[in-house]
Amino acid sequence: MKWRNIRAVLLQDLYLTKGSMEVIFDVFVFTSINILLFGFISRYLSQGGNKGFEAQSLLVAVIFWEVIRITQYSTSVSSMWNVWSHNLSNMFIAPIRVGEYFCAHVMTAVIKSLFIFVNALIIARYVFHVSVLRLGAFPVLFSYINMVIFSVAIGVVLIGLVFQYGTQIQVLTWATIYAIEPLCAVFFPVGVLPAVIQPVAYLFPVTYFFEWLRALQAGASYEVHKIILATALNLVYLLAGCYIFSRQLAAAKRSGQIVRNDL
Amino acid sequence: MSETVLEVTGLTKRFGKFVAVNNIDFSIARGEIVGLLGPNGAGKSSTIQMLLGLLTPSDGQIRFFNKDFNKHRLEVLQRINYLSAFNTLQEMISVRENLHVFAVAYNVKKSKHKIDELLDFFGVLHLKNERYQHISAGQRTRVNLAKAFLNDPELVLMDEPTASLDPDIVDKVLSMIEQFRRERQLSILYTSHNLHEVERICDRVIFMSHGKIVKEAVPKDLPSLHNLFLQIARETSEE
């Protein structure tokens, strides 16, 4: 991988981010609004006689959920901006490897998610007096890293689907994550889900991390082997995501769909 | 004999049972402009897409600068470029930002100077801070030309570069291409539906129909490229 080629794509992402109100609103404004909204809901529920940690867990959950949403969105939609501008062919005929192109988009996604994560931690701490870091630097950082890995894995497969099947399914690149959200038990314990769906929830590695974070807030313990299992599952997701994407891209080049997307 | 910059052998593309490009062979010499002509669906665009690595061939070999494209993809892409009326640059960012991205990707030295020089040459320097989405079709073509020449390519693939432009703009664009070709030993593979354009700038034309090369000719040796084109289109539609 050449840093120069990664830098070219990073530059495009930077120019797009600063020049597009859509990106600024999608990534930064809506995230802040969401954090504020859930912060107020948490505060309201705390006043209703509920245990404080249950109400606060909503705020903590939405902070990590936004990390997933923004990382997946950035990984997938960065390429959609090139598809919408009919510029993808230009990018792919420049002397840039596909791996470099996606590495740059993942780096942009991580930078954006880190920015909104820190921003959310500050809002939680100083507006709602909820210190997420109180849960421990390691669990918070380790959960953040795993949320990012999961989102990248999902993000590359979703953009691969658009490359392979065309822009008529582009909605998947920003909407799929909302379908996954209830299955990952972001805002409630897995036990709340119908019994038949609970095993499905545990197929998503981030489910374990949301459970872990809730356990930490309740002052309860969480089994270490589940964290190890979730991390391993996450790495399988990432490897599988990269492999599936490479097959999707090869199929798109065989069928010509990648060029039709750009016309 | 002049150096061959592109050599295509047995190039074939099948989509299921449909054969879009059928076992074609051709080459382009350094400094030569070759027109690729044919009716809609002849296989011109599929050929160009395979030459760029955007479409995987079913069979055949592509060699640029005597190197196998499959094995030397990045090295080849560094030395060629592409221009099409159907591809635009990133709409949401400025002309200068767009060209800067490609200047970094193509490792262009003194990129700021190079970008200004090219925009000036194509008469669009005053637009460099404009958002790409805010400039006209003719201006976009000229910005795209600047992008296509950013890396001092030895070969440029042009897929109907003047489609949907006003005639006066087409004339300007062709003059610019001719000037560029004179100043450098530039080779071009040029597809167009406009036979006057092809007659004006191409040294040689290749006619494609139903995915096959059906004729090669030198425009200046022909009494009428237009009549030949109609004859080939008629013959192939009767087959």
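Excluded from the calculations below are hydrogen atoms, water molecules and symmetry mates; all remaining heavy atoms, backbone and side chain alike, are included. By convention in this document, chain letters (A, B, ...) are assigned in the order of the sequence lines, proteins followed by strands, and residues within each chain are numbered from 1.
Looking at Lys18(A), the atoms closer than 4.5 Å to chain B (heavy atoms on both sides) all sit in the side chain, from C-beta outward. Residue Arg14(B): no heavy atom, backbone or side chain, is found under 4.5 Å from chain A. Only the side chain of Ile93(B) comes within contact range of chain A, with heavy atoms under 4.5 Å apart. Contacts between Arg79(B) and chain A at a heavy-atom distance below 4.5 Å are absent for every atom of the residue. Neither the backbone nor the side chain of Glu100(A) comes within contact range of chain B; no heavy atom of the residue lies under 4.5 Å from a heavy atom of that chain.
Minimum interatomic distance between Arg73(B) and Ile96(A) (heavy atoms only, all atoms of both residues): NH1-O, 4.2 Å. Among all heavy-atom pairs drawn from Gly256(A) and Phe15(B), the shortest one is N-CE2, 4.3 Å. In plain terms, the two heavy atoms of Arg254(A) and Lys13(B) that are nearest each other are O-NZ, 2.7 Å. The shortest heavy-atom contact between Pro95(A) and Ala105(B) is CG-O, 3.6 Å. Across Leu77(B) and Ala94(A), no two heavy atoms sit closer than the pair CD1-O, 3.8 Å.
Separating the CZ atom in Phe92(A) from the CG atom in Leu52(B) is a distance of 13.0 Å, to the nearest 0.5 Å. Taken to the nearest 0.5 Å, the CH2 atom of Trp81(A) stands 8.0 Å off from the CD atom of Gln90(B). Separating the CE atom in Met92(B) from the CG atom in Asn82(A) is a distance of 12.0 Å, to the nearest 0.5 Å. Here CG of Asn98(B) is found 8.0 Å from OG of Ser85(A). Values are rounded to the nearest 0.5 Å. In this structure, the separation between OG on Ser20(A) and CD on Glu91(B) is 12.0 Å, given to the nearest 0.5 Å. One distance of note links NZ of Lys147(B) with CG of Asn90(A); it measures 4.0 Å at 0.5 Å rounding.
The residue among Thr88(B), Asn81(B), Leu55(B) with the most heavy atom pairs within less than 4.5 Å of chain A is Thr88(B).
By the neighbour-count criterion of 12 heavy atoms within 6.0 Å, atom CZ of Phe28(A) is densely surrounded, having more than that number from other residues, nucleotides or ligands. Applying the 6.0 Å contact sphere to NZ of Lys112(B) captures no more than 12 heavy atoms from other residues, nucleotides or ligands.
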